[in-house]
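Presented below is the structure to which this report refers.
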Amino acid sequence: MQFYPLTVKDIRRETRDCVSVAFDVPETLADIFSFTQGQYLTLKTHINGQEVRRSYSICTAPDEKDLRVAIKEVENGLFSTFANRNLKTLDVIEVMPPNGHFFTEIHPQNQQSYVFFAAGSGITPVISNIKTILKNEPESYVTLLYGNQKVSTIIFKEEIEALKNIYLGRFQIFNILSREHTESDLLNGRLNEDKIRKFVRFVPSLLHADHFFACGPEDIIFASKNVLTEHGIPEEKIHFELFNAPKNVTKKAMPEAAVESMATIRLDGLTLQVPVEKGQNILDAAQQFGSDMPYACKGGVCCTCRAKLIEGEVEMEANYALTKKEVEDGFILTCQAVPKTKMVKIDFDIK
Ligand code: FES
């Protein structure tokens, strides 16, 4: 998958430390850049002479015809600081076509109930999903549990309020604030495991939802997953999108069975062979070889480097992005996959 130069069409300040950035998509690239709700874009630029890539979720719904991502400035974040402070309209950024699986199929006949857990900028792919569901499934219901520090840090606050007014009776939202006091105890504090447990006790119908989505840092993902699985919700109903690789996770040691290998890689219709050193992951080997394979986080989180393993065996050092089903179907994260056989064959073109 290649990058395309896209011009920045609009930059909107969403909160003090978050902007949304919209791109101009020329007619000739309209198909390539059409997207599904909840997907993300990988952006690439050079900052101080250094190539920087980051993935950001799309915050619009497909029928808005506005390819827009939200970028929250994070401490020491090279790209996010640049985007919040220096990026201007008409600048050109390299953009990879939309990717990601943080959504379920939309059907106008669906009568489903969806529950979303979001913290901070985790709202980005969530709002894309919510807008799409509410508009295109007129008989479905949506509940959002949204954790923030204060009212002023709530990204898309007005837009969410407006959705609540338009879809009265089908969209309920609970804003949970950790650094500002509200009248309800339930809405004070952090959106953590304890809080989710309290919500489930207070609104037991939440557990009857057809699908659950969680997006944000690890705490919110693990918290919602733990509570839901504790209540017997099957894994296939829980969808998550992690923003950063979990802290406190020690990198796995080199797999014992790691071997020097030859990787045959198919990408964009072309096939190349890349030698992989013992214990090296396939992405690093390909980069060392001079090949430009898709990647962004290199931490097993964003899924940009996903490919299908056709032949041979690998071991992944970390995986925070692929679902159990994808792993069973043979998909791997090439930034984490260390070959265990002398030959491996992978294909980026199979979706
Ligand atoms: S580059 Fe992000 S998961 Fe591999």
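When a ligand or atom number is given, it counts from 1 through the structure's own listing order.
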Protein N/O/S atoms under 2.8 Å of atom 4 (Fe) of ligand 1? Cys305 SG, Cys335 SG

Does Arg306 make a cation-pi contact with Phe331 (under 6.0 Å, within 45 degrees of the axis)? yes

By ring pair (Phe, Tyr, Trp, His ring centres under 6.0 Å) - contacts of His101 (at least two apart): none

Donor-acceptor check, side chain of Asp91 to backbone of Leu87, threshold 3.5 angstrom: yes or no? no

Enumerate the residue pairs fulfilling salt bridge (charged side-chain N to carboxylate O under 4.0 Å, His left out) with a member in residues 21-37, sequence neighbours excluded, ordered by first and then second residue. none

Does Ile32 have any side-chain contact (heavy atoms from CB on, under 4.5 Å) partners at least two apart in sequence or in another chain, and if so, which? Tyr4, Leu29, Pro97

Could you verify whether a donor N or O on one side chain and an acceptor N or O on the other, from Gln112 and Glu139, lie under 3.5 Å apart? no

